[in-house]
Amino acid sequence: MERKWWHGKVAYQIYPKSFCDSNGDGIGDLRGIISKLDYLKELGVDIVWLSPIYCSPLADQGYDISDYYNIDPRFGTMDDMDELLAEAKKRNISILMDLVVNHCSDEHEWFKKACEDPDGKYGKYFYIEDIRDGKLPCNWRSYFGGSVWEPLPGHPDKCYLHLFHKKQPDLNWENPELREEVYKMVNWWLDKGLGGFRIDAIINIKKVLPWKDYPVDRSDGLSAIQNMLAEATGIGDFLRELRDRCFTPHHAFTAGEVFNEKPGELPDFIGDDGYFSTMYDFNESSFGAGPHGWYDSVQITPDDYRRCCFESQKKVGNIGFLSNIIENHDQPRGVSHYLLDEDRCDAAKKLLATMNVMLRGLPFLYQGQELGMENTAFHSIDEVDDISTLDQYKVALQDGLTPEKALAAVARHSRDNARTPFQWSAAAHAGFTSGEPWLRENPNYRTLNLEAQREDPDSVYQYYRKLLRLRKDPAYAETIVYGDLIPVWEDRRNLMAYYRKSDTQTLLVAGNWQREPQTISLEHGFQKVLLNNLDSIDTDGNEITLKGYQSLILEL
Ligand code: GLC
Ligand code: CA
């Protein structure tokens with residue numbers, strides 16, 4: 001594997017709408033982000049991905065772009081963006097934007113023109129078909145529920161494809177003219193000095209054509225997109241072109257949102273000459289997904305988590321670098337999802353951090369993760385903003401759950417859990433805004449906030465800083481960044497442990513994922529404790545008794 005400049009770095013996702021509001025309108029913005037660059041530096045961040053800030057009706061919070069060349073006024077101006085790039089550069093921080101090109105917004109001028117003239121140039125930028133005898137071209141279910149087909153405005157006899165929301169019409173990548181538009185736009189941003197992109201929903205750009213039905217898999221009579229994607233071939237032609245025309249000439253850093261790569265395809269995606277620099281590991285977060293929806297998902301256990309991590313590590317081997325995440329803007333908070341309600345203490349949060357950050361790969365944090373921010377409480381479905389949660393609620397009701405049960409089930413998975421305002425301080429609205437936040441803050445901000453954690457040497461925040469610093473410590477970086485990962489004691493329950501091993505050094509990362517203590521035995525003892533999430537360590541000869549939720553990083 002070729003070594004790359006970013007392998008030893010730390011990446012961080014900002015969800016701009018909820019990060020920091022500079023002007024009191026309740027919406028986070030670019031000037032807010034600029035004001036927090038020093039904070040990101042203090043935490044130890046080198047690469048920052050911004051979720052979309054382009055012009056958008058915000059039907060899917062910016063993942064529906066109506067103008068790729070402009071900043072939405074709610075987030076700021078192009079001058080603010082230029083200033084952000086310049087200020088980040090001063091601090092050696094590289095900025096990534098979100099590249100959302102599987103679809104645009106139905107308010108994009110391309111789509112408006114397509115509606116005016118479906119057979120013209122812009123009609124071919126999309127997938128527009130005739131509705132014949134009332135029948136839609138195929139039975140795929142959109143990710144946000146319902147058919148992927150929607151009547152084309154002004155043309156009741158025609159329909160357009162949207163794999164996501166109906167306000168997100170899919171762009172037709174089979175059309176070379178459309179691809180040229182995309183490359184032009186990507187290069188325009190990279191020429192501006194952008195470090196690269198996180199690449200949204202990219203696996204969806206290749207469809208199986210001609211349209212056909214797949215087996216019905218839910219009571220709505222439709223079939224999941226995944227059934228189609230499993231059969232789709234040839235995405236590599238598009239991705240290679242995108243790489244060669246845009247990313248490679250600019251030395252851009254790219255992180256792909258890839259869910260459904262096929263066995264054996266990993267080198268194509270993230271090998272030395274891959275389509276992307278890296279892609280996210282979703283093995284843990286997708287574990288337990290319910291066949292019918294969020295409501296029948298299975299709770300992940302510590303042993304499942306361990307297995308998922310090790311599976312991914314084994315799969316990627318020395319091919320390249322996965323990006324390791326605990327959460328993102330599409331998922332509930334990791335500390336709520338992976339830890340038991342009754343055990344969600346700071347030690348457990350730090351254990352989860354240790355297990356994830358010490359894996360081989362790029363640690364990719366999500367805003368607030370470094371504080372151990374938790375899921376919020378939903379008292380009624382009216383408090384929910386996210387379209388995906390609203391759809392899942394409907395699905396749960398349709399399948400017979402009571403409204404209370406449906407709400408409880410979707411609340412555990414809601415994307416809004418990750419989208420509540422960043423908890424800066426105990427001041428009103430968590431110090432996020434001087435106005436009314438667009439989404440209600442998590443009431444626990446009064447005690448769980450950065451200001452408090454900054455002053456507390458034992459806080460989750462200070463622990464994250466230590467962890468990230470350790471990754472960069474010249475005495476250990478070679479082993480932590482490039483060393484092999486060797487699982488150990490995989491047959492033990494609620495114990496996650498692995499070696500990180502280079503030619504000259506072996507580290508042991510071990511976490512006791514339960515309240516009761518458990519003992520591990522080291523053949524030759526250890527030399528040094530590099531990090532301990534509790535204040536002491538119980539040793540007896542070569543035996544160590546890990547206390548409840550204790551995690552250790554030892555130099556052997
Ligand atoms: C990705 C984004 C998600 C969005 C979807 C459609 O999965 O992360 O937030 O809803 O793509 O763009
Ligand atoms: Ca604002």
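Start at 1 and go down the list; that is how both ligands and their atoms are numbered. Owing to the predicted nature of the structure, the values given are computational and were not obtained by experimental measurement.
Across Phe111, Tyr127, Tyr122, Phe126, a single residue satisfies ring pair (Phe, Tyr, Trp, His ring centres under 6.0 Å) together with Tyr160, and that is Phe111.
Asp170 and Asn102 form a side-chain donor-acceptor contact under 3.5 Å, judged by distance and modelled atom types alone. Between the side chains of Thr376 and Asp416, not a single donor N or O lies within less than 3.5 Å of an accepting N or O.
Cation-pi contact between Lys36 and Trp424: present, with separation from the ring centre below 6.0 Å and deviation from the ring axis of at most 45°. Within the cation-pi definition used here (under 6.0 Å to the ring centroid, within 45° of the axis), Lys192 qualifies as a partner of Trp188.
Put simply, no part of Gln61 is less than 4.0 Å from ligand 1, judged by heavy atoms. Ligand 1 has Arg198 within reach: a non-hydrogen atom of the residue lies less than 4.0 Å from it.
When non-hydrogen atoms are compared, ligand 1 lies under 4.0 Å from the side chain of Arg415 (C-beta onward) but not from its backbone. With a heavy-atom cut-off of 4.0 Å, Phe144 touches ligand 1 through its side chain alone. Contact annotation for His165 and ligand 1: no heavy atom of the residue comes within less than 4.0 Å of the ligand.
Take Glu436 and apply the salt bridge (charged side-chain N to carboxylate O under 4.0 Å, His left out) test, not counting sequence neighbours, and it matches no residue. Partners of Tyr275 according to the ring pair (Phe, Tyr, Trp, His ring centres under 6.0 Å) rule, which considers only residues two or more places apart in sequence or in another chain, are Phe269.
The aromatic rings of Trp6 and Phe253 stand perpendicular to each other, their planes meeting at an angle above 60°, with 30° marking the opposite boundary. Between Tyr39 and Phe422, the ring planes are perpendicular. Angles over 60° get that label, and only those under 30° would be called parallel.
Nearest to atom 2 (C) of ligand 1 by heavy-atom distance, out of Asp200, Ile203, Asn102, Ile202, is Asp200. Taking all heavy atoms of Ile387, Asp64, Asp330, Asn328 into account, the minimum distance to atom 9 (O) of ligand 1 is reached by Asp330.
The distance from the CD atom of Gln423 to the CG atom of Leu371 is 7.5 Å, given to the nearest 0.5 Å.
Ranking protein heavy atoms by distance to atom 4 (C) of ligand 1, first place goes to Asp60 OD2, 3.2 Å. The protein heavy atom nearest to atom 5 (C) of ligand 1 is Phe164 CE2, 3.7 Å. With hydrogens left out, the protein atom closest to atom 7 (O) of ligand 1 is Glu257 OE2, 2.8 Å, a heavy atom.
Near the Ca ion (ligand 2), less than 3.0 Å away, sit the protein N, O or S atoms Asp21 OD1, Asn23 OD1, Asp25 OD1, Ile27 O, Asp29 OD2.
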Report all side-chain donor-acceptor pairs from residues 65-76 shorter than 3.5 Å, counting only partners two or more places apart or in another chain.
residue: Ser66; atom: OG; partner: Cys55; partner atom: O; Å: 3.1
residue: Asp67; atom: OD1; partner: Tyr69; partner atom: N; Å: 2.9
residue: Asp67; atom: OD2; partner: Asn70; partner atom: ND2; Å: 2.8
residue: Tyr68; atom: OH; partner: Val100; partner atom: O; Å: 2.8
residue: Tyr68; atom: OH; partner: His103; partner atom: O; Å: 3.1
residue: Tyr69; atom: OH; partner: Met185; partner atom: N; Å: 3.4
residue: Asp72; atom: OD1; partner: Arg74; partner atom: N; Å: 2.9
residue: Asp72; atom: OD1; partner: Arg74; partner atom: NE; Å: 2.9
residue: Asp72; atom: OD2; partner: Ser56; partner atom: N; Å: 3.0
residue: Asp72; atom: OD2; partner: Arg74; partner atom: NH2; Å: 3.2
residue: Arg74; atom: NH2; partner: Ser56; partner atom: O; Å: 2.6

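The distance from ligand 1 to the heavy atoms of His103 drops below 4.0 Å at these ligand atoms: 6 (C), 12 (O).
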